[in-house]
Amino acid sequence: MSSKRLLSSTARFRPFPPMIKNYLDCSQNTPIQLNTAYAPKASSFLATDLIKSYFEKGLIREARSLFDEMPDRDVVAWTTMIAGYASCNEHAYAWGMFCNMVRSEMNPDEFTVSSVLKACKGMKSLSCGVLVHGFAIKHGIQGFIYVDNALMDMYATCCASMRDACMVFRGIELKNPVSWTTLIAGYTHGGNGHHGLQVFRQMLLEEAESNPYSFSIAIRACASIGCQNYGKQIHTAVIKHGCESSLPVMNSIVDMYCRCGCLSEANQYFHEMTQKDLITWNTLIAGYEKSDSSESFFIFSQMESNGFRPDCITFTSVIAACANLAVLSCGQLIHGGIICRGLEGDLALANALIDMYAKCGSIADSCKVFTELSCKNLVSWTSMMIGYGAHGYGREVIELFDDMVESGIKPDQIVFMAVLSACSHAGLVDQGLRYFNSMMDDYNIKPDHEIYGCVVDMLGRAGRVEEAYRLIQSMPFTPNESVWGALLGACKAHCLPNLGKLAAQKVLDLRPQLVGTYVMLSNLYAAEGKWGEFARVRKLMKGTEIKKEVGRSWIEVRNEVYSFAVRDKAGPHIGWVYGVLEWLIQHMNEAGYAPLDCLTHDLEDGT
DNA sequence: TCCATCAATC
């Protein structure tokens with residue numbers, strides 16, 4: 001009997017539920033294995049198959065309706081629902097399904113457990129994951145490689161440390177390639193690329209099978225620590241193993257070269273690739289964004305003519321490139337493109353827009369994007385706070401910080417950096433110190449060099465230089481050059497030559513190649529009339545043979561970018577620039593502020 | 001019916 005006839009007779013005697021019928025009507029490939037379709041078990045198999053197909057097509061509601069209509073749901077049907085939800089990133093629904101399943105006294109098996117663990121991972125919920133782990137032990141669902149690998153993945157993603165993931169890994173008697181890849185990925189995604197590489201090395205030593213999965217994650221590990229040497233070695237191994245045909249592997253190689261600063265290599269491999277996908281393009285665009293933003297625009301302009309539609313990841317990099325170049329009109333144009341494509345709901349992209357508008361000087365637009373966000377994360381708040389801070393709105397930053405904490409988001413070190421830097425620039429010293437203490441006392445965040453540098457800068461700007469020095473002396477670790485540099489800046493601004501000389505000497509001990517420090521130190525001596533010392537330092541500076549690169553500023557006015565440097569005399573609009581500068585100085589004087597002498601001294605040095 | 005890899009934001 002042909003399948004077609006079977007199908008029609010089935011339809012006649014045992015009508016399909018509407019959902020199945022709907023599927024059959026629109027399906028090109030009519031299901032043919034229906035020779036036992038009269039039996040309820042077979043009908044359940046069929047329905048489960050259809051549920052899976054629905055999930056694969058992203059038809060989540062259809063899958064659910066069909067499941068709800070099933071009279072007899074076996075463990076496979078339940079598991080298919082859980083796995084389907086998890087694969088569509090509907091992790092909370094997957095978890096709900098699992099809970100319903102247990103409540104319905106249906107016994108989950110090893111397939112169910114590994115599927116629901118994926119949902120726990122997606123929700124980043126350690127408590128759910130631990131619950132499932134306990135459930136599996138209690139019900140004797142142990143010793144299955146799928147379950148162990150999923151457990152590792154869950155622990156690696158949900159725990160701050162890799163301890164539990166390692167414990168599961170050690171307990172696996174016969175590790176498969178997935179076990180190794182999961183462990184390496186756990187370390188690498190957790191920010192410990194070195195350890196990831198160690199595990200990869202161990203894997204090779206134990207002669208475990210390497211495949212495209214392990215290669216791409218190992219290369220990702222090299223990329224994350226910027227280690228070009230290991231990256232090249234693994235690249236060689238990739239060629240030896242014939243894994244060059246794997247797109248993920250080649251994409252990770254392009255990414256590795258970008259992150260290691262080898263853009264010409266990255267570009268070369270990109271062009272040599274016979275097959276490219278959206279990730280390949282996004283990788284190169286993101287790679288260039290960091291070091292050569294204009295070039296990333298060029299690559300972006302080429303991708304569409306090569307048949308690739310930019311997605312939110314592409315736009316995030318391109319918007320970051322606009323921010324780096326501070327090109328407002330270009331950013332606005334691309335923002336328009338984002339809205340046209342309906343991508344403005346992507347959170348990372350919206351956060352990049354907040355940052356871009358702030359860096360392009362349009363803080364009102366930053367604020368608009370921020371306010372219109374229905375769901376804000378830590379990065380959204382941080383971007384807005386950094387933007388406000390850079391524009392001198394210290395009080396707004398403090399308000400935002402308090403609102404953020406109120407909304408239940410836990411601040412991290414970067415947010416504190418934003419608050420402290422804003423307080424520093426707005427002269428809100430006492431508030432800043434309160435946040436500094438709160439960071440340590442309430443949130444148990446240990447300040448690093450950058451934070452100390454920021455607080456030293458804040459105290460120094462306000463003239464509390466002695467206090468800044470005492471803070472440096474109380475630091476629990478050796479201060480670095482940026483901390484001493486902050487003190488040096490303060491000494492210079494408030495004319496404290498002795499402390500300034502000490503700070504300058506510390507900076508020079510740590511970073512002898514910083515030319516600006518020699519200039520500052522020599523100026524301190526010059527101010528005291530100690531010309532012998534002045535000459536000694538200048539000679540020392542000449543000995544380094546390092547030229548300070550001239551600082552350059554640029555501004556976009558009416559679609560045109562104007563760029564100028566210190567003592568620039570050329571250029572068609574330089575007269576305007578000096579005119580505005582003089583106007584500013586005049587207003588400054590009228591408002592009761594005088595330009596600092598040492599500042600003008602530096603300007604004359606061309607530094 | 002189930003597991004692992006590559007691209008984005010402060």
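A, B, ... follow the sequence lines: proteins, then strands. Residue 1 opens every chain. These numbers were taken from a predicted model, which means no experiment stands behind them.
Applying the ring-ring contact (aromatic ring centres under 6.0 Å, His included) criterion to A/H425, with sequence neighbours excluded, gives no partner residue. Checked against ring-ring contact (aromatic ring centres under 6.0 Å, His included), A/F297 has no partners two or more places apart in sequence or in another chain. A/H391 pairs by the ring-ring contact (aromatic ring centres under 6.0 Å, His included) definition with nothing, not counting sequence neighbours.
Remark: C1' of B/dA8 and CD1 of A/I338 are 12 Å apart, rounded to the nearest angstrom. One interatomic measurement links the two molecules: CD1 of A/I141 to P of B/dT1, which rounds to 19 Å at whole-angstrom precision. If you measure from atom CE of A/M385 to atom P of B/dT9, you get 20 Å, rounded to the nearest angstrom. A/I299 places its CD1 atom 15 Å from the C1' atom of B/dA8, with the value rounded to the nearest Å. To the nearest angstrom, C1' of B/dT1 lies 11 Å from CE of A/M101.
Among pairs with a residue in residues 231-240 of chain A, those fulfilling side chain to side chain donor-acceptor pair (under 3.5 Å) read A/H235-A/Y257, at least two apart in sequence or across chains.
Aromatic ring centres of A/F416 and A/F436 lie farther apart than the 6.0 Å criterion allows. Annotation: A/Y187 is not in aromatic contact with A/F200 [ring centroid separation under 6.0 Å not met].
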Next item on the list: For nucleotides 2-7 of chain B, just jot down a letter per nucleotide in 5' to 3' order: B, S or -, based on protein non-hydrogen atoms under 4.0 Å.
Entry: BBBBBB

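Across all strands shown, A/I414 has heavy atoms under 4.0 Å from base atoms, whether or not it also approaches the sugar-phosphate.
A donor-acceptor contact under 3.5 angstrom links the side chains of A/S179 and A/N176, judged on distance only. In this structure, a donor-acceptor pair under 3.5 Å is absent between the side chains of A/T283 and A/D255.
Scanning residues 349-364 of chain A for heavy-atom distances under 4.0 Å to DNA chain B yields A/N351, A/D355.
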